[in-house]
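Each remark here refers to the structure printed beneath this line.
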Amino acid sequence: MQSVPDHLFSKKQSGLNNQKLSLKKSRSFWKDAFYRLRENKLAMTGFGIIIGLIIMSIIGPFIVPYSYSEQSLLDSNLPPSLNHWFGTDDLGRDLFSRTWVGARISLFIGITAVVIDVIVGVLWGGIAAYKGGKTDEIMMRIVDILYGLPHLLITILLMVVLEPGLLTIIIAMAATGWVGMARLVRGEILRLKESEFVLATKVMGGGLFRILFKQLIPNAMGPIIISITLSVPGAIFAEATLSFLGLGVPVPLASWGTMTSEGLVTLLTGEIWRLFFPAFFISLTMFAFNVLGDGLRDALDPKLKR
Amino acid sequence: MLQFMFRRLIGAVITLFFIITLTFVLMSAIPGDPFTSDARVPEQVLDNLRDHYGLNDPIMVQYFKYLKGALFLDFGPSIKWDNQTVNELIATGFPVSAILGIQALAIAIFFGILLGIIAAFNHNKSFDYMAMIIAILGLSVPSFIFATILINFFAIKLQWFPVATWGTWQHSILPSIALAVAPMAYIARLTRSSILEVLSMDYIQTALAKGVTGYRFIIVHVLRNALIPVVTILGPITATILTGSFVIEQIFGIPGLGKYFVEGISDRDYPLILGTSFFYSAILVFFVILVDIAYGVIDPRIKLIKGRD
């Protein structure tokens, strides 16, 4: 019998290797989405602005030698200058420092409120959809009722009842905010729960929480992330509105909403910079989150690509 | 259809009952009462006042009194506004807010759809980008900031419109615009993406192949289908305009329902808060049902009997 030459084996093997390599090169869904996002200039601008705002909210107040609450009546209502970059307010407080303390509070409230929304909404919507039947019916009835209410009205009522403070605002906003997330998650999970991989886990004896957290929620992550990004500006806006109505963070703390509210009088008196800076940064933040959210939606949902 | 409306009506009643109970529970949890600030008044007088407004009654008695009030739409006398009932205050405030809200809704729908159409039919051209930049700015600038910009330019610098308060139609222009901007931006974006989706459908190709052109093509073939998603968001948009009026009425000093609500809150005027909260929720719930019915009428594919989404 003729022996088979060695080079035939090696050739076959190298062919297999090539195939493996090409498999490795195929990009995962998330990587693909990330590439698409990076191509989107507007979304990346938004992302850059958000990073910049977060950095400034951390270091901003330390750049200038004035604290956000230090009053100096001799220096009241100074226009922007080399000493006070954003000017001062009627109590002589440095607006540069106050703006970044305000950024801290606005961003913190916005992001925390949305994180709570997500946790509650994912659990509620996930369990309702997964359990189905009567449980689903009752849980979603509650959501329907809450969904039909004017949210800001409830938030304002809650703010009046609870002690004023940072935590209160977050609780008051999260109390109504999770409803939308619960609906979204329920819809996604209803779609996913009939999949074969869920059935497989069930057959193998995987429990509710395993299926929910290891399979259903990771697969529903795309819409959830989009919704998070688009909810943050909503939360920041709600906080600003509350502060504007005098139901926000207590003095001497500053949020962009309270600063805008305090600056409103300057429309008539002329120290317009007191209004301009907080108003500008609220709008910039909301703009950044909106365009990033849009970009994420385009990146994570290629079907919608136009 | 009837069965659907019946189900929705029951749902509406449950929602309203929920908001009544919730506002009541919240009200009774508020620290202090409407008379806390009147420090100089003797204790006996305070007690008589509380008696007069039923604040000394057991909590359940107060609750049922309020439920009865909501049922017969009678919320009793206001505490801070002497000699006026909550009904009278709502009756004076509501027409003002309604004018403001309807104008804002009209502006938002008209210009939103127009902007969306312009953007979609100039897809990826400069008009599209311009319209979408306007839309994203409209979503990003909060209404109260937009209101201050409007006041600064059109009322103070150019003096085209009065700065604040209420009276002639000129007074209502700036607040209506400020209230309309965010919903307008939202409608514009939705209209645009919806038209783009419809344009890729087979029946549009058929219509084009048959030689349908011009306004007939845009209105009958495209808009009729593209505007269905826009109708569905009119409910949430009404909510935005309703609650948006709290701030806008405050800025412009407009004596509408929102102002009474916000002042009721700071004055701890329980009957006024309960009355306005109920009224707001009732309007919203009513509007959402209206939108649902309109949805079924516009889109024959929707079977209303099925009810829930």
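Note: hydrogens, waters and symmetry copies are ignored here, and every other heavy atom, side chains too, is used. A note on names: the letters A, B, ... follow the listed sequences, proteins ahead of strands, and every chain is numbered from 1.
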Spacing of [atom1] belonging to [X] relative to [atom2] belonging to [Y], to within rounding of 0.5 Å:
| X | Y | atom1 | atom2 | value |
| --- | --- | --- | --- | --- |
| B:Asp128 | B:Met132 | CG | CE | 6.0 Å |
| A:Met140 | A:Arg186 | CE | CZ | 4.5 Å |
| B:Ser140 | A:Asn290 | OG | CG | 4.5 Å |
| B:Phe144 | B:Leu179 | CZ | CG | 13.5 Å |
| A:Leu95 | A:Thr99 | CG | OG1 | 5.5 Å |
| B:Asn152 | A:Phe276 | CG | CZ | 11.5 Å |

- Task: Among A:Leu153, A:Leu275, A:Leu42, single out the residue with the greatest number of heavy-atom pairs under 4.5 Å to chain B.
- Result: A:Leu153
- Best-contacting candidate, A:Asp294, A:Val291, A:Leu247, against chain B by heavy atom pairs under 4.5 angstrom: A:Asp294
Considering only heavy atoms, which portion of [X] lies under 4.5 Å from any heavy atom of chain A: side chain, backbone, both, or neither?
| X | answer |
| --- | --- |
| B:Ile273 | side chain |
| B:Ile151 | side chain |
| B:Leu22 | side chain |
| B:Ser143 | both |

- Message: Would you call the rings of B:Phe279 and B:Phe94 parallel, tilted or perpendicular, taking 30° and 60° as the class edges?
- Response: perpendicular
Does [X] have more than 12 heavy atoms from other residues, nucleotides or ligands lying within 6.0 Å of its [atom1]?
| X | atom1 | result |
| --- | --- | --- |
| B:Phe121 | CZ | yes |
| B:Phe24 | CZ | yes |
| B:Tyr63 | OH | yes |

- Which residues, numbered in order, of residues 239-248 of chain B come under 4.5 angstrom of chain A by heavy-atom distance? B:Thr243, B:Phe246, B:Val247
If you count heavy-atom pairs under 4.5 Å with chain A, which of [options] comes out on top?
| options | value |
| --- | --- |
| B:Ile136, B:Leu16, B:Ile149 | B:Ile136 |
| B:Gly11, B:Ser277, B:Pro236 | B:Ser277 |
| B:Leu26, B:Thr238, B:Ile265 | B:Leu26 |
| B:Thr15, B:Thr23, B:Ile14 | B:Thr15 |

- Would you find a donor on one side and an acceptor on the other, under 3.5 Å apart, between the side chain of A:Ser231 and the backbone of A:Ser227? yes
- Under 3.5 Å, is there a donor-acceptor pair between the side chain of B:Asn122 and the main chain of B:Ile118? yes
- Tell me, for A:Thr260 versus chain B, whether the close heavy atoms (under 4.5 Å) come from the side chain, the backbone, both or neither. side chain
- Message: Less than 4.5 Å to any heavy atom of chain B: does that hold for the side chain of A:Ile236, its backbone, both, or neither?
- Response: neither
- Is it true that the side chains of A:Glu239 and A:Ser243 contain a donor and an acceptor less than 3.5 Å apart? yes
- Query: Can you check whether B:Tyr260 reaches B:Val86 side chain to side chain, under 4.5 Å on heavy atoms?
  - Reply: no
- Query: For chain B, which residues from residues 281-289 of chain A lie under 4.5 Å away (heavy-atom distances)?
  - Reply: A:Ile282, A:Ser283, A:Met286, A:Phe287
- Does the pair A:Arg36/A:Glu39 count as a salt bridge with the N-to-O cut at 4.0 Å? no
